[in-house]
Amino acid sequence: MGSQRFPSFGLVRRERGFTMIEVLVALAIIAVALAASLRAVGMLANDEADLHRRLLAGWSADNALTELQLSRVWPDVGTQTFDCSQGNLPLTCTERVSATPNPVFRRVEVSVTMPGHAGSLAQLVSVIPNETNRAL
């Protein structure tokens with residue numbers, strides 16, 4: 001039944017369809033494309049989680065600097081570490097205060113890390129003026 005002869009013309013007509021190799025090649029191409037898309041989706045989900053952590057860490061650093069500026073307290077030179085968690089994300093802030101060439105200002109750097117993760121998620125630097133003798 002693979003071919004059929006037409007008696008009047010002597011032509012051979014073959015049945016149409018795909019060979020087994022063509023089907024296997026098509027399946028292999030589809031499998032590779034699906035694997036690549038799954039990997040891309042996984043990377044997007046991981047990147048979104050990292051972006052979320054960095055956003056919350058930036059808020060924590062900004063909160064620490066804003067609190068220091070609004071308190072109008074002249075910060076002592078040195079380093080202190082404190083909890084600055086946001087939501088359900090445990091974060092640790094490290095505040096480094098250093099002197100500047102101008103004795104009226106102090107440089108304050110706040111870096112935010114997450115326990116168990118290497119590197120800093122956020123870092124902000126500001127200059128705080130000495131407003132302890134200034135009238136409000």
Side-chain angles (χ1 to χ4, degrees):
M1 187 128 190
S3 64
Q4 185 179 25
R5 284 195 179 268
F6 294 102
S8 60
F9 300 110
L11 298 174
V12 176
R13 183 178 135 203
R14 294 199 172 139
E15 294 197 25
R16 297 184 184 231
F18 295 106
T19 65
M20 182 63 86
I21 292 181
E22 290 172 331
V23 171
L24 289 176
V25 168
L27 286 175
I29 291 171
I30 291 171
V32 168
L34 284 175
S37 2
L38 284 175
R39 182 169 183 207
V41 167
M43 288 175 64
L44 283 174
N46 191 30
D47 289 347
E48 189 278 329
D50 186 51
L51 181 61
H52 183 71
R53 284 190 294 269
R54 289 182 182 278
L55 174 70
L56 293 178
W59 287 350
S60 291
D62 192 40
N63 286 346
L65 281 177
T66 302
E67 185 178 326
L68 186 61
Q69 289 170 342
L70 290 176
S71 70
R72 299 192 187 278
V73 174
W74 184 238
D76 294 328
V77 173
T79 301
Q80 67 173 344
T81 301
F82 53 92
D83 178 63
C84 59
S85 298
Q86 289 283 335
N88 61 353
L89 188 66
L91 298 172
T92 303
C93 286
T94 302
E95 181 181 276
R96 291 178 190 84
V97 179
S98 57
T100 63
N102 186 336
V104 179
F105 296 101
R106 295 255 166 98
R107 179 182 187 272
V108 180
E109 174 186 330
V110 176
S111 60
V112 183
T113 57
M114 189 169 144
H117 286 75
S120 178
L121 292 175
Q123 183 175 359
L124 290 178
V125 178
S126 184
V127 176
I128 305 292
N130 185 356
E131 297 190 28
T132 55
N133 297 328
R134 189 171 155 191
L136 295 177

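For the single chain, residues carry numbers from 1 onward in sequence order.
- One finds the OG atom of S71 at 8.0 Å from the CD1 atom of I128 (value rounded to the nearest 0.5 Å).
- In the hydrophobic cluster analysis, where Ile, Leu, Val, Met, Phe, Trp and Tyr join through side-chain heavy atoms closer than 4.5 angstrom, V104 is grouped together with V127.
- Annotation for P90 and M114: closest pair O-CG, 3.4 Å, computed over non-hydrogen atoms.
- The shortest heavy-atom contact between C84 and T92 is SG-C, 3.7 Å.
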Applying side-chain contact (heavy atoms from CB on, under 4.5 Å) to T79 and T94, what does each step give before you reach the verdict? CA-CA 7 Å; T79 301; T94 302; 3.7 Å; yes
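- One N or O on the side chain of S120 and one on the backbone of V112 form a donor-acceptor pair closer than 3.5 Å.
- Taking CZ from R107 and OG from S126, the interatomic distance works out to 10.0 Å, rounded to the nearest 0.5 Å.
- Both I21 and I29 sit in one connected hydrophobic cluster of ILVMFWY residues. Membership requires side-chain heavy atoms under 4.5 Å apart, directly or through other members.
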Decide side-chain contact (heavy atoms from CB on, under 4.5 Å) for W59 and D62; before the verdict, give the C-alpha distance in whole Å, the side-chain angles of both, and the deciding distance to 0.1 Å. CA-CA 5 Å; W59 287 350; D62 192 40; 5.6 Å; no
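- Residue-environment remark: CG (L38) exceeds the threshold of 12 foreign heavy atoms within 6.0 Å.
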Under the side-chain contact (heavy atoms from CB on, under 4.5 Å) rule, what do Q86 and N63 come out as? Steps first, then yes or no, please. CA-CA 10 Å; Q86 289 283 335; N63 286 346; 3.2 Å; yes
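- In this structure, Q123 places its CD atom where more than 12 heavy-atom neighbours from other residues, nucleotides or ligands lie under 6.0 Å away.
- W74 and P129 get closest at one heavy-atom pair: CZ3-C, 3.5 Å.
- Within the 4.5 Å cutoff, no side-chain heavy atoms of L89 are placed close to those of H52.
- Interatomic distance, CD of E109 versus CG of L65, reported as 10.0 Å (0.5 Å rounding).
- Considering all non-hydrogen atoms of both residues, P75 and V108 come closest at CG-CG2, 4.4 Å.
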So S85 and D83, side-chain hydrogen bond (donor to acceptor under 3.5 Å, both in side chains) or not? Walk me through it. CA-CA 6 Å; S85 298; D83 178 63; 2.8 Å; yes
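- By the salt bridge (charged side-chain N to carboxylate O under 4.0 Å, His left out) test, R106 is found to be paired with no residue, residues two or more places apart in sequence or in another chain being considered.
- Here the side chain of R54 pairs a donor or acceptor atom with the backbone of L121 at under 3.5 angstrom.
- Taking both residues in full, the closest heavy atoms of V77 and S98 are given as CG1-CA, 4.2 Å, listed atom of the first, atom of the second, then distance.
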